[in-house]
Structure formats: C-alpha cells, structure tokens
Amino acid sequence: MAPEDLCAVVLAAGEGTRLRPLTAGVPKALCPVGNVPLLDRALDRLAGLGLIGPERVAVNACYLADQVVAHVGDRAHLSVEPGDPLGTAGGLGNLRDWIAGRGVLVGNADAYLADPRAAPGPDIAALLAGWDFRSVRLLGRPAPDPTAPGTFDGHVFTGFSLLPWHRIRELSASFGDLVRTVWRPAEAAGELTVVAYPGTFFDTGTPADYLAANLHAAGDAALIAPDATVTGRARHAVVGAGAVVRGDVERVVVWPGATVGPDERLRDVVRADAGLTVAALPGER
C-alpha cells in the first residue's frame, strides 16, 4: 500500500490530437478501452494502491474540461487549467499547493497497462517499494533500441513516475514537460531509476495503439457490453454500452451508442457515434 505521505496525480488535460477525429468531442482520458474509460482505469489502479479520494488523488483537466469534471465528480481533487493545457510539468506546478510537501505518483490517463499476474495497483507496486522520497523513479519497459532518443536506461516510459517534493516545488504553473524539467535533470544528477513493468503497455495515443489496447483488453474473444445488441457477427472486437451491431465486425471497437448497419463489414477501425469511422491499421503510427 502507498505510504501516507504520498499523493497521486492523473494527467488528463491533453487534447489527444493524434487520435482525432475521435477526440473532437470526447477528451482522450474518457475514451473507452475494453468498455472502461481510460481515466477510470488510472483511478482504479491508484485505488489498488490505497490512493483514493480528493485528499490523496488529483486529476487535472483542460481540453473539454467540463466532461472530465463531471465524470470524476468527488472521486478526486480537480485542477482545471485555464486556456491551453499546461503540459505535464505545468500541470503539477499548478497543483503545488495541493501536493504540499508530499511525494507524488504521477500517471498518464492515456496509459493502458495490463499484467495477468497482478491486479491493477499491485502490478505497479514495485515502483513504490523502498522509495527514499529523494530520487525520481520511472516505470518502463525495455526498448527495442536501448540507445534510441527518448529512452531512459534503455527503457521506454510506460505511463507512471514517482517524484519527490523537492523536484515538484520548483515547478511553475506555466507550460512545461516533465522530461526536460525533472526527469533529465534527475538522470544527470544520478537520481533517476527505472523500474521494469512486466506486463503489456500501450500509450493509446494513435488510432492503431488505441485499437491494439482495446483488442488486448478483449482477449481472444469479443467483449460485448451487457446492454449492447449484436445480431450480426463480432469477432475479436469491443462493443460498447447501448451499441448496435447488425453487420460484421472484426478487430473493431464500437463505441457506446454507435451503430453498425446490416450491410457493413468493418475491419481494423473504430466506429464512434454519429457514424464516424476511423481507420486503425495494425502497425500504423
């Protein structure tokens, strides 16, 4: 379980530009993966570590902030950023008074993590184990090219970091990112460690990765919401609440309330509401 002097922040302010047009009317943090909004997956993972409620968990919002605020309700402290998103560092700087001297577990709302050997929360508990509240820790997976730009100790960042207060208190509520303001300086000072994540990770930032995360959540079968209607065929697909599938779908995500007509045959796409269809071919980036 998380120590008492640790809080958590879920970053949910971004526009999700690479997912457009899916995010034209829905913030990326609320896009469903396996019929669960990404933001709920992040909050559930924190709850699995004992981090719950507005005293210990904060969510920032900016793009389509009213939707995020309504969805979170009283489950977390809400930090609404005026104007454009402040970035990962600015978002934390805007929360300094709330963080108030504590260490911070920071999670990206768009990170999909799944480990069949451990429930959400316990699956990232190694990140917290024995932390000294002085160093920076990143959750990561070995990179295909350990020397590639953007890697840390040969690893690709997988959505969660652990930051000490002395790094947070220097941040301002102006645009900035954690890579340049915290992670790389800590790395240069010999104060950054990468903890390996043994499960599956997708950042869901592109249609291809968003589809891949959904299909991973579905497993080898179709994941169909109890109140969805499927009179056609759904194979290796995710069908959301209230959706109607009368045609043939395979490797497809059908959003809640969306419809697939009887003459439609969809492959490797996301069908959103109002008939919007976004191609998400495997391997596409």
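Count residues from 1 along the sequence. Values below: every heavy atom of this structure, side chains too, minus hydrogens, waters and symmetry copies. Here the structure is a predicted model, which is why all the values come from computation and not from measurement.
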- Could you check whether the rings of H77 and W98 sit parallel, tilted or perpendicular, using 30° and 60° as the cut-offs?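 Geometry flag for W98 against H77: parallel rings.
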- Query: Which of these passes side chain to side chain donor-acceptor pair (under 3.5 Å) with K28: T204, D110, T23?
  - Reply: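 One option only clears the test, and that one is D110.
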More than 12 heavy atoms of other residues, nucleotides or ligands under 6.0 Å from [atom1] of [X]: yes or no?
X	atom1	answer
D66	CG	yes
R246	CZ	no
D132	CG	yes

Between [Y] and [X], is the closest basic N to carboxylate O distance under 4.0 Å?
X	Y	answer
R20	E15	yes
R41	D44	no
D268	R251	yes
R75	D40	yes

Are any of the side-chain heavy atoms of [X] and [Y] separated by less than 4.5 Å?
X	Y	result
V136	E191	no
I168	R102	no
L49	I124	yes
T259	E264	no
V254	V245	yes
V238	N35	yes
L276	P21	yes

Look at the side-chain heavy atoms of Ile, Leu, Val, Met, Phe, Trp and Tyr, link any pair under 4.5 Å apart, and say whether [X] and [Y] land in one connected group.
X	Y	value
L113	L215	yes
V10	F201	yes
L128	V106	no

- Message: Is the positively charged end of R137 above the ring of F160, judged by distance under 6.0 angstrom from the centroid and angle within 45° of the axis?
- Response: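 Pair R137/F160 does not count as cation-pi.
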- Message: Just verifying a value: how many Å separate L92 CG and L163 CG, rounded to the nearest 0.5 Å?
- Response: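 If we round to the nearest 0.5 Å, L92:CG and L163:CG are 6.5 Å apart.
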Is it true that [Y] and [X] share a donor-acceptor pair across their side chains at a distance under 3.5 Å?
X	Y	result
D123	Y197	yes
S79	N94	yes
T277	R271	yes

- List the atom of V33, the atom of Y112, and the distance in Å for their closest heavy-atom pair.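 For V33 and Y112, the tightest heavy-atom pair comes out as CG1-CD1, 3.6 Å.
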- Query: For A237 and A218, which heavy atoms make the closest approach, and how far apart are they?
  - Reply: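 Answer, listing the atom of A237 first, then A218: O-CB, 3.9 Å.
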- Among L211, N214, V269, the one residue meeting side-chain contact (heavy atoms from CB on, under 4.5 Å) with V252: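 Running side-chain contact (heavy atoms from CB on, under 4.5 Å) over L211, N214, V269 with V252 returns exactly one hit, V269.
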- Query: Does F133 have its ring centroid less than 6.0 Å away from the ring centroid of W165?
  - Reply: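 F133 vs W165: aromatic centres not under 6.0 Å.
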